Protein chains: 2
Amino acid sequence: MKNISTENYLSEIYKLEQSKIKVKTNIIAKKLDISNAAVTDMLKKLSSNGLILYERYKNIQLTKKGKDYAAVIVRRHRIWEIFLNQIVGLPWDKVHDEAHRLEHSSSDELIDRIEEMLNYPEFDPHGDPIPAKDGSIPKLKESTNLSKVKIGEWGKVIRVNDYDNEFLNYLSRIGLKLGKKITVKDKLNFDNSLLIKIGDKQINISGKLASNIFIDLN
Amino acid sequence: MKNISTENYLSEIYKLEQSKIKVKTNIIAKKLDISNAAVTDMLKKLSSNGLILYERYKNIQLTKKGKDYAAVIVRRHRIWEIFLNQIVGLPWDKVHDEAHRLEHSSSDELIDRIEEMLNYPEFDPHGDPIPAKDGSIPKLKESTNLSKVKIGEWGKVIRVNDYDNEFLNYLSRIGLKLGKKITVKDKLNFDNSLLIKIGDKQINISGKLASNIFIDLN
DNA sequence: ATTAAAATTTAAGTATCCTTAAATTTATAT
DNA sequence: ATATAAATTTAAGGATACTTAAATTTTAAT
């Protein structure tokens, strides 16, 4: 185990790489809510520790070593999330923050034991894949951003972004969970909002909200 | 939540006060495995934060504020220990270190939820009492140090010291658990060792080992 | 009561990770 | 192509929590 700060940088970079987003100083600073200068400082350290490839002003990449380490942290995080949700009974919008703290404080033995208890899950409560011990990642089903779904089409919720608790809490309140069937009834160009059907309710949601929800179409 | 270091100082001081041991720089340094100079430094900070009463060269005492905070940390630690032992199935000698990390990374909501799952336990897997949310402490049954038990007397294991994993692991291996009946068969002045009966086995244990085990006599 | 040993504090310095402000480099718009 | 905006880095500095070495105070032994 290294320090918490290193672990946070690595897992942010890892998640950005997984999302095919170019990793730059700026975006790391925003994700971690610290100054760009602090990020530059730290990138040099991570680089000299062989965890990332870094050249001034260029994009950042994890090395094999950095990626392996990051996968361990992301794995811990997502296993904790399921555990907290399923075994402890914490709601959707609480598990992320709690897991974010716990991920830095748990031994591999504990994580493995919890994983076993959960019967080796592949996806966390938000639909994100859980890296295996060897760093391999369960394949995500193809999904469509809800904001791109056309009027009349329907599908099941397969993943939601997990970075905003207010968003997650709102989803819970409107009954939107993983696996729920959603039909797009109408789309308003005026404000990019969507009229969707969940269960027997029809709800209007903003385009921004929709863009954080991913659907398995058909 | 303050920082981890502060929490570690406070819970060590708290545990020393509970054991009626005078709290001095030296003993804190030993418990936390850091230099005396570092402890002096930190004591000044804790004092200026109103968490302890501190005068140069004098004994240290928690203030009300410090004691309340320490009780929260000790509570978190001991609740995690039971959870890890009973729910997750970690062995006796693993729960302390794991709980020691987790105690700094868990919200009150999580601890309360776990406490509820465990049905409001009063003692942790080593027999130590769990401070309640209001800081009150379940009363310990009167106990006798095993090294003080006379030949022929017997009783049940009610508490063991939890600071050495090798010790705890050894207890597990000889089948010594909380609640087990122990009879003192013989004591050797030569090396202060004891011959004890546990279950149907007779074992010789050192005086030092015995002094870390506490018995409910009769 | 005096002295030696032990405990404690002070002093000076280090590593980590952050800050703001200024300087530099890169990207974008026309 | 060049000006301007945006991104990034450098520089200087701060808080935290350590370290070792030296100085001081307390404790314990005789």
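Quick note on labels: first sequence line is chain A, next is B, and so on, each numbered from 1. Small disclaimer: the values here were computed from a predicted structure and weren't measured.
B/Glu103 and B/Arg75 are not joined by a salt bridge, as no carboxylate oxygen comes within less than 4.0 angstrom of a charged side-chain nitrogen. A/Glu116 has a carboxylate O that lies under 4.0 Å from a charged side-chain N of A/Arg113, or vice versa, which qualifies the two as a salt bridge. Using a 4.0 Å cut-off between a side-chain N of Lys or Arg and a carboxylate O of Asp or Glu, A/Asp68 and A/Lys64 qualify as a salt bridge. Salt bridge status for A/Lys133 with A/Asp112: present, with a side-chain N to carboxylate O gap under 4.0 Å. Salt bridge A/Asp128/A/Lys15: absent, no basic N to carboxylate O contact under 4.0 Å.
Between B/Tyr57 atom OH and D/dT25 atom C1' there is a gap of 4 Å when expressed in whole angstrom units. For the pair A/Leu43 CG and D/dT8 C1', the computed distance is 10 Å after rounding to whole Å. The separation between A/Leu46 atom CG and C/dA15 atom P is 18 Å, rounded to whole Å. Rounded to an integer number of Å, the gap from NE2 of B/His104 to P of D/dA17 is 12 Å. Between A/Asn3 atom CG and C/dT16 atom P there is a gap of 8 Å when expressed in whole angstrom units. The nearest whole Å value for the distance from the CE atom in B/Met42 to the P atom in D/dT19 is 12 Å. Distance CG (A/Asn59) to C1' (D/dT8): 12 Å, rounded to an integer number of Å. Whole-Å rounding puts the A/Ile60 CD1 to D/dT9 C1' distance at 12 Å.
When distances are taken from the side chain of A/Ile34 to each of C/dT19, D/dT24, C/dT16, the shortest belongs to C/dT19.
The side-chain heavy atoms of B/Arg76 and B/Asp108, taken from C-beta on, include a pair separated by under 4.5 Å.
Each of A/Lys45 and A/Lys58 lies near DNA chain C, and the nucleotide nearest A/Lys45 is the one positioned closer to the 5' end.
A/Met117 and B/Ile87 get closest at one heavy-atom pair: CE-O, 3.6 Å.
For A/Ser5, a side-chain nitrogen or oxygen approaches OP1 or OP2 of C/dC18 to under 4.0 Å. Contact annotation: B/Tyr9 reaches the phosphate of D/dC18 (side-chain N/O to OP1 or OP2, under 4.0 Å).
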What's touching nucleotides 10-12 of chain C from the protein side, N or O pairs under 3.5 Å?
unit_1 : atom_1 : unit_2  : atom_2 : d
C/dT10 : OP1    : B/Arg56 : NE     : 3.0
C/dT10 : OP2    : B/Lys44 : NZ     : 2.5

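One N or O on the side chain of A/Thr63 and one on the backbone of A/Gly50 form a donor-acceptor pair closer than 3.5 Å.
Counting non-hydrogen atoms of other residues, nucleotides and ligands closer than 6.0 Å to CD of A/Gln61 gives a total of 12 or fewer.
Of all the residues in residues 21-32 of chain A, not one reaches under 4.0 Å from DNA chain C with any non-hydrogen atom.
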